There are 2 protein chains.
Amino acid sequence: MSTAHGARARARIEVTAAIKDEARRQLAAEGAARLSLRAVARELGMVSSALYRYFPSRDDLLTALIIDAYDSLGESAEAAHQASADPYARWIAVCAAVRGWALDHPHEYALIYGSPVPGYTAPDTTVPPAARVGLLLIGIARDAHEGQGLDRPALPADLRPEAERMAADLAPDLPPETVTALVAAWAQLYGLVGFELFGQFNRVVEDREGFFRHAAGQLAEGVGLMPGSV
Amino acid sequence: MSTAHGARARARIEVTAAIKDEARRQLAAEGAARLSLRAVARELGMVSSALYRYFPSRDDLLTALIIDAYDSLGESAEAAHQASADPYARWIAVCAAVRGWALDHPHEYALIYGSPVPGYTAPDTTVPPAARVGLLLIGIARDAHEGQGLDRPALPADLRPEAERMAADLAPDLPPETVTALVAAWAQLYGLVGFELFGQFNRVVEDREGFFRHAAGQLAEGVGLMPGSV
DNA sequence: ACAAAAAAGAGAGCAGTGCTCTTGCATGGG
DNA sequence: CCCATGCAAGAGCACTGCTCTCTTTTTTGT
C-alpha cells in the first residue's frame, strides 16, 4: 500500500510537487510543445531517468498539468461567481473570470482548450475538473429560472429530442430550450476567449475588454438572463 | 533574377509542391507537432539537408501549410456562399462549410485556429487568406442590409467608439451595431466548431450536426439575419 | 563557346529530445 | 538484522532541427 506516513512517502510527494512546479514554469514560459522532461530534471538537479519514477511519460506529466489547469480555472470562475449577487452579474463575472484566467495563463489555456497535443487523448480523470465552469453556468441559469423563469423561443422540431436528451443529462430541472442555449453559449464563450488569446483579433478588435463584456452580455441574454432580473 | 523559364526553375516548383504535399499528408495523419522535416525528406527520397534549400526552417514549411489551409477553408466557404440564394441561407451554408471543412481537416484546422505552435508567430503573409471567411460573413450582412436594413439593438455607450472604429476598418457602409455583432458571431462560430472538433462536446452533445445548425441560426439572428428575409 | 557564378544534392556532425535498461546504493518493513 | 523494495545515476537507442562542407549540375555573362 502507499500509506502516506513514511519519510520516503513524504519525499515522494515533495519531489512530485517540485516536478509539477518546474514543469508548470516551463509550460508558462515556453508552451506545451517545448516542455521537456530533460530540462525539468536538469533544473531540479536530477538526472532525466529519475524523473520517470514519478511520471511514467511526458503525457502523464501533461495530464497532471491539465488537471491542475482545469482546477485553477474552475477556482477563478467559482470565486467570481460567489463575489456577485444576481444571476446576470454572476454570468458576466464568470465569463470575465474565464477570460482573465486565460490572459494570465495563456499556455495553460492553450493546453486545455487549444488544439489537443497530437497523439494525446486526455484520460477520463480530466472530465470532472473540466466540467466545473460548465456546471457554474448551469447553476446560474438554474437560479434565474427559479427566480422568474427563462422563456426561450421554441426549438425547431428536429432538435427537440437532442435538446431533451441534453437536458436530462445536464440539468433535468431546466427546460430543454435553456439547456441548449447554455451549451451553445458555453462553446461560444471559449470562441471569444480563444480568438482574443490566439491573436485572431489582432488588427480587428482594439478594446478587447469592452468588446468581451458586451459579447458576454449578449451570451447571457441568449440564455435568457436579463440585466435587471432578480 | 529568378526568371521562371529554366528546367531548374520548373524542377524547383515541382519539388516545392512535392514537399508541401508530403508535409500535408503527415500533417493530416499525425498533426503539426509530429510533422518532421526529416520524415518528409526521407519519404521523398532526399536527404534532410537538401530540404532546407526549399524551406529554410520547419516554421517556414508550417507557414506555407497554414496559408494553404486558410485558402482551402476560404474556398470551401466561398463555394457554399455561391451555392445559396438569400442571405440567411448563405450564412447557414457558410457556417456549415466551415464546420465541414474542419471535420474533414482536423489537424489543419487545429493548425490555424487552435493554439499557435509555441515559439511561432504567423507572419503578415497569412493575414489576407485568413480574412476570407470573415469577409464573406461581412458580405452576407451587407447584402441583407441593402435588402431591408438590419436593426440591431443600440450599443452601450462605452462601446460606441470601438464599434465605430471597427466599422470604419471593416465595413464603413454598415452600422457599428451590425459590425460588432458580426465580429462576435465570427469568433463564436469558431468556438462551436472548436469545441466539437477538440472533443469538448464528448458526452455532452450527440447530434452535433443538428445542434450546430441551430446554433448557427442563432448566430445569424444575432447579426440581424432572419430566416424569411430577402 | 567557355568560364565564372549560382543553385542543388549528399553526407557528416552538433545539440537536443523521449524513453529504456542496467547498475549501485540507501532505506523501511518483516 | 537483513533482505526486498524504492530510488538515483549513467549509458545508450532512435529520433529531431539545423549547420557546415564538399561535389555536381545548371545557368548566366562575356
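No hydrogens, no waters, no symmetry mates; every other heavy atom, side chains included, goes into these values. Within every chain, numbering begins at 1; the chains are lettered A, B, ... in the order of the sequence lines, protein sequences first and strands thereafter. Just so you know, these numbers come straight off a predicted model, no measurement behind them.
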Nearest-nucleotide check on DNA chain C, B:Arg38 vs B:Arg12; residue mapping nearer the 5' end is B:Arg12
Whole-Å distance, A:Arg10 CZ to C:dT27 C1', equals 14 Å
Closest of D:dT16, C:dT17, C:dC19 to the B:Ser36 side chain is D:dT16
Here the distance between atom C1' of D:dG17 and atom CG of B:Asp60, to the nearest Å, is 13 Å
Among the nucleotides D:dA9, D:dG17, C:dC19, whichever has the atom closest to the side chain of A:Ser49 is D:dA9
Is it true that A:Glu75 and A:Arg132 have a side-chain N and a carboxylate O under 4.0 angstrom from each other?
no
Atom CG of A:Leu51 and atom P of C:dG18 are separated, to the nearest Å, by 10 Å
Of C:dT17, D:dG17, C:dA10, the nucleotide closest to the side chain of B:Leu37 is D:dG17
Picking from C:dA7, C:dG9, D:dC7, the nucleotide nearest the side-chain atoms of A:Arg53 would be D:dC7
B:Gln26 atom CD is separated from D:dC15 atom C1', nearest whole Å, by 13 Å
Separation of C:dC19 atom C1' from A:Phe55 atom CZ, nearest Å, is 16 Å
So CG of B:Leu61 and CD1 of B:Ile66: to nearest 0.5 Å the spacing works out to 10.0 Å
- Can the ring centres of B:Tyr70 and B:Tyr113 be said to be less than 6.0 Å apart? yes
If the cut-off is 4.0 Å, is B:Arg8 near the phosphate of D:dT26, judged by side-chain N/O to OP1 or OP2?
no
Rounded to whole Å, CD1 of B:Ile13 lies from C1' of C:dA8 at a distance of 15 Å
OP1 or OP2 of C:dG9 versus the side-chain N and O atoms of B:Tyr54: is any pair under 4.0 Å? yes
Return no unless some side-chain N or O of A:Arg34 is found under 4.0 Å from OP1 or OP2 of D:dG17. no
- Query: Taking atom types as modelled, is there a side-chain donor on B:Asp60 or B:Thr63 under 3.5 Å from an acceptor on the other?
  - Reply: no
Taking for A:Ser57 and for B:Gly45 the nucleotide of DNA chain C with the nearest heavy atom, the one nearer the 5' end belongs to B:Gly45
